[in-house]
*Asks:* 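Attaching a single structure in structure tokens format; questions to follow.
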Amino acid sequence: MTKMEKWTAVVSWVMFFLIFLVICVLSFQSGSATKAFEKPFVESVTGTADQQLSKEAVLTITFYIRQAGRAVLFFALGFSGACGTMLCFRRWNRLAVGIAAGAVLFGISYFTEIMKIFIEGRHYAFAECLEGFIFAMLGYICVTVFFSIRRRK
């Protein structure tokens with residue numbers, strides 16, 4: 001492994017753990033803290049409308065903002081984890097590493113979702129767990145495709 005690859009691997013793992021920390025902090029907030037955190041985002045989006053939006057429209061916009069945030073964070077988690085994995089475990093069987101990475105990414109998405117049962121004002125939704133997992137795997141797949149193309153050249 002070259003010095004540049006070692007540096008990239010370290011940065012990738014640091015980013016992975018920082019993104020995981022951000023996901024945990026956002027996931028483990030109470031319902032009222034979550035609403036207070038998302039209020040400025042929703043107001044900036046709904047404030048641009050020409051007319052007064054209904055409460056249902058504001059709730060729909062809020063839902064999509066939260067889902068987009070979850071998608072971006074989990075995609076970044078899978079992307080950074082894949083960079084670190086592909087650089088550190090390049091001599092291992094790619095299929096075995098991919099299965100192990102998928103298991104870890106599913107475990108993270110399941111853990112962050114199941115813990116919401118114990119937090120006031122939050123709820124568990126397996127669909128959101130799967131959403132996080134799918135976006136994390138998309139990030140992982142993007143990096144593996146890049147590395148396989150790079151290896152063939």
Side-chain angles (χ1 to χ4, degrees), residues 1-29 33-35 37-49 57-119 122-153:
M1 188 184 302
T2 66
K3 190 172 188 175
M4 181 63 152
E5 288 174 336
K6 287 179 184 179
W7 178 250
T8 305
V10 168
V11 169
S12 297
W13 284 118
V14 168
M15 289 301 298
F16 178 82
F17 287 110
L18 285 176
I19 293 167
F20 178 62
L21 181 67
V22 168
I23 289 171
C24 287
V25 167
L26 293 175
S27 293
F28 302 156
Q29 291 180 344
T34 302
K35 288 184 188 343
F37 180 73
E38 69 192 17
K39 187 175 181 179
F41 296 110
V42 174
E43 286 178 353
S44 67
V45 171
T46 58
T48 61
V58 172
L59 289 174
T60 302
I61 291 169
T62 303
F63 174 76
Y64 284 118
I65 288 172
R66 292 176 87 186
Q67 298 309 317
R70 178 189 329 280
V72 167
L73 283 173
F74 274 98
F75 182 85
L77 184 78
F79 192 90
S80 61
C83 286
T85 302
M86 291 294 137
L87 290 170
C88 291
F89 303 110
R90 77 169 71 174
R91 295 179 192 250
W92 292 22
N93 182 345
R94 295 274 182 199
L95 181 61
V97 170
I99 290 171
V104 167
L105 292 173
F106 182 78
I108 289 171
S109 64
Y110 185 75
F111 170 72
T112 58
E113 196 60 38
I114 198 73
M115 291 305 291
K116 292 178 183 175
I117 293 172
F118 307 108
I119 300 169
R122 300 299 296 268
H123 67 281
Y124 166 77
F126 188 71
E128 292 181 5
C129 168
L130 287 180
E131 177 189 340
F133 171 67
I134 288 169
F135 278 103
M137 285 306 295
L138 281 174
Y140 186 87
I141 289 168
C142 286
V143 172
T144 55
V145 167
F146 171 77
F147 270 86
S148 67
I149 291 171
R150 183 176 162 234
R151 187 174 39 172
R152 291 181 189 204
K153 285 187 176 182

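Only this structure's heavy atoms are used, side chains among them; waters, hydrogens and symmetry mates stay out. Just so we're clear, the structure is a prediction, and the values are computed from it rather than from any experiment.
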*Asks:* Just so I know, are the side chains of Arg90 and Arg151 near enough to count as touching, which here means a heavy-atom distance under 4.5 Å?
*Replies:*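 No, their side chains stay 4.5 Å or more apart.
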*Asks:* What is the distance from atom OG of Ser109 to atom CD1 of Ile114, rounded to the nearest 0.5 Å?
*Replies:*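 Here the rounded value is 11.0 Å.
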*Asks:* For Phe75, does the CZ atom have more than 12 heavy-atom neighbours from other residues, nucleotides or ligands under 6.0 Å away?
*Replies:*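 Enclosed.
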*Asks:* For Phe20 and Phe111, take the angle between the two ring planes, folded into 0 to 90°, and tell me which bin it lands in: parallel under 30, tilted 30 to 60, perpendicular over 60.
*Replies:*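 Rings of Phe20 and Phe111: tilted, as their planes differ by 30° to 60°.
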*Asks:* Looking only at heavy atoms, what is the nearest atom pair of Met86 and Thr144, with distance?
*Replies:*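 Nearest heavy atoms, Met86 then Thr144: CE-CG2, 3.2 Å.
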*Asks:* Which pair of heavy atoms, one from Ala9 and one from Cys88, lies closest together, and at what distance?
*Replies:*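 In this case the closest contact between Ala9 and Cys88 is CB-SG, 3.9 Å.
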*Asks:* Please name the pair of heavy atoms, one in Leu105 and one in Phe133, separated by the smallest distance, quoted to 0.1 Å.
*Replies:*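 The answer is C-CD1, 3.9 Å.
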*Asks:* Assign the ring pair Phe89 / Trp92 to parallel, tilted or perpendicular, where the plane angle (0 to 90°) is split at 30° and 60°.
*Replies:*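 Tilted, since the angle between the ring planes falls between 30° and 60°.
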*Asks:* Using a 6.0 Å cut-off, check whether atom CZ of Phe146 has over 12 heavy atoms from anything other than its own residue.
*Replies:*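 It does not: Phe146 CZ has 12 such atoms or fewer within range.
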*Asks:* Atom OG1 of Thr112 and atom CD of Glu128: how far apart are they, to the nearest 0.5 Å?
*Replies:*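 Rounded to the nearest 0.5 Å, the OG1-CD separation comes out at 9.5 Å.
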*Asks:* Checking Glu131 against Glu113 for the side-chain contact (heavy atoms from CB on, under 4.5 Å) test, could you report, in this order, the C-alpha distance in whole Å, the side-chain angles of both residues, the deciding distance, and whether it holds?
*Replies:* CA-CA 11 Å; Glu131 177 189 340; Glu113 196 60 38; over 6 Å; no
*Asks:* For the CG atom of Leu138 and the CZ atom of Phe79, what is their distance to the nearest 0.5 Å?
*Replies:*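 If I round to the nearest 0.5 Å, the distance is 12.0 Å.
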*Asks:* Do Tyr124 and Phe118 pass the side-chain contact (heavy atoms from CB on, under 4.5 Å) test, and can you show the C-alpha distance, the side-chain angles, and the key distance before you say yes or no?
*Replies:* CA-CA 9 Å; Tyr124 166 77; Phe118 307 108; over 6 Å; no
*Asks:* Nearest 0.5 Å, what's the CG-OH distance between Leu130 and Tyr110?
*Replies:*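 Leu130 CG to Tyr110 OH: 11.0 Å, rounded to 0.5 Å.
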*Asks:* Would you indicate whether the side-chain heavy atoms of Ile61 and Ile65 approach each other to under 4.5 Å?
*Replies:*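 Yes, close enough: below the 4.5 Å cut-off.
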*Asks:* Do you know which two heavy atoms are closest between Ser148 and Val145, and how far apart they sit?
*Replies:*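 In this case the closest contact between Ser148 and Val145 is OG-O, 2.9 Å.
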*Asks:* Of the non-hydrogen atoms in Tyr140 and Ala101, which two are nearest, and what is the gap between them?
*Replies:*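 Closest approach of Tyr140 to Ala101: CE1-CB, 3.5 Å.
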*Asks:* Applying the side chain to side chain contact (heavy atoms under 4.5 Å, CB included) test to Phe16, which of Ile108, Thr85, Leu21 qualifies?
*Replies:*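 Option passing the side chain to side chain contact (heavy atoms under 4.5 Å, CB included) with Phe16: Ile108.
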*Asks:* Of all heavy-atom pairs between Ile19 and Leu73, which one has the smallest distance, and what is that distance?
*Replies:*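 Shortest heavy-atom contact: CG2-O, 3.5 Å.
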*Asks:* Please check if the side chain of Arg122 supplies one atom and the backbone of Met115 the other of a donor-acceptor pair under 3.5 Å.
*Replies:*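 Flag not set: sc Arg122 to bb Met115 has no pair under 3.5 Å.
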*Asks:* Is there a side-chain contact (heavy atoms from CB on, under 4.5 Å) between Cys83 and Trp13 once you walk through the steps?
*Replies:* CA-CA 8 Å; Cys83 286; Trp13 284 118; over 6 Å; no
*Asks:* What's the verdict on side-chain contact (heavy atoms from CB on, under 4.5 Å) for Leu77 and Phe135, showing C-alpha distance, side-chain angles and the deciding distance?
*Replies:* CA-CA 9 Å; Leu77 184 78; Phe135 278 103; over 6 Å; no
